[in-house]
Amino acid sequence: MMADHGDPCNVQEATYCMNGGTCYKIPSMNALSCVCNEDFKGSRCEQFQLSIKDSNGRDVGLIAAVVIVALLILVVLAAVIYYVRKLLKAKQQNQQNIQRQYWRVKPTV
């Protein structure tokens, strides 16, 4: 693969690119440029990057966002159900206590 508007570097300049990148000389700017292998990036191919097999990165981010929002909704829903059940149980116990007191026979002295 040939870089746009570039010529291959000579043997001494070829060491400019790291990690197996291909060196090209850009005569109009008197500068060296690198074409990196798939797993590297940077001006000299010095940064390792993990390969992404998905062609559209936005889909992965969208899926992650939907999963996070769904989990948050489930947590909030579980908390609401817990507190509603707790209130209903307290109300039911309160009614049972009132019924016990109503039917209780008070001793007369």
Side-chain angles (χ1 to χ4, degrees):
M1 176 199 292
M2 178 84 168
D4 291 340
H5 310 290
D7 300 322
C9 295
N10 61 34
V11 177
Q12 187 178 9
E13 296 167 335
T15 59
Y16 176 77
C17 298
M18 300 179 192
N19 300 311
T22 306
C23 179
Y24 291 95
K25 185 185 281 187
I26 302 173
S28 61
M29 294 176 49
N30 195 23
L32 300 177
S33 178
C34 298
V35 175
C36 303
N37 291 332
E38 183 177 328
D39 295 333
F40 295 93
K41 65 179 183 176
S43 61
R44 296 182 64 192
C45 305
E46 71 276 9
Q47 299 172 358
F48 178 73
Q49 69 178 7
L50 294 175
S51 296
I52 298 174
K53 301 299 180 193
D54 187 23
S55 61
N56 191 353
R58 284 187 275 157
D59 290 344
V60 174
L62 180 63
I63 291 171
V66 168
V67 167
I68 290 170
V69 169
L71 288 174
L72 287 174
I73 289 172
L74 287 174
V75 167
V76 169
L77 185 61
V80 167
I81 290 172
Y82 171 78
Y83 284 112
V84 167
R85 287 184 50 98
K86 188 175 178 179
L87 288 173
L88 288 175
K89 188 173 182 180
K91 184 177 179 182
Q92 185 181 17
Q93 284 180 345
N94 192 20
Q95 286 177 350
Q96 287 176 353
N97 288 340
I98 291 172
Q99 287 177 352
R100 286 182 193 152
Q101 290 175 0
Y102 180 75
W103 291 104
R104 186 183 223 182
V105 176
K106 296 181 184 177
T108 57
V109 182

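Because the structure is predicted, anything quoted here is derived from the model rather than measured. These numbers come from the heavy atoms of this one structure, side chains and all, not from hydrogens, waters or symmetry mates.
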To the nearest 0.5 Å, tell me how far [X] [atom1] sits from [Y] [atom2].
{"X": "Thr15", "Y": "Asn10", "atom1": "OG1", "atom2": "CG", "answer": "9.0 Å"}
{"X": "Lys89", "Y": "Lys86", "atom1": "NZ", "atom2": "NZ", "answer": "10.5 Å"}
{"X": "Cys45", "Y": "Asp39", "atom1": "SG", "atom2": "CG", "answer": "11.0 Å"}
{"X": "Asn37", "Y": "Gln49", "atom1": "CG", "atom2": "CD", "answer": "11.0 Å"}
{"X": "Arg44", "Y": "Ser33", "atom1": "CZ", "atom2": "OG", "answer": "12.0 Å"}
{"X": "Asn94", "Y": "Leu87", "atom1": "CG", "atom2": "CG", "answer": "12.0 Å"}

Residues in ring-ring contact (aromatic ring centres under 6.0 Å, His included) contact with Tyr16, at least two apart in sequence or another chain: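 ring-ring contact (aromatic ring centres under 6.0 Å, His included) list for Tyr16, sorted by chain: empty.
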Transitively linked via ILVMFWY side-chain contacts under 4.5 Å: Val80 with Leu88?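 Val80 and Leu88: one cluster.
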Scan residues 72-81 for pairs that pass salt bridge (charged side-chain N to carboxylate O under 4.0 Å, His left out), counting only residues two or more places apart or in two chains.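 As it turns out, there is no salt bridge (charged side-chain N to carboxylate O under 4.0 Å, His left out) pair with a partner in residues 72-81 once direct neighbours are skipped.
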Within-4.5 Å side-chain heavy-atom neighbours: Cys36 and Asn19: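 With C-beta onward as the side chain, the pair stays apart.
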Taking all heavy atoms of Ala14 and all of Cys9, pick out the closest pair and write down the distance.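 Heavy-atom minimum between the residues: N-CB, 4.1 Å.
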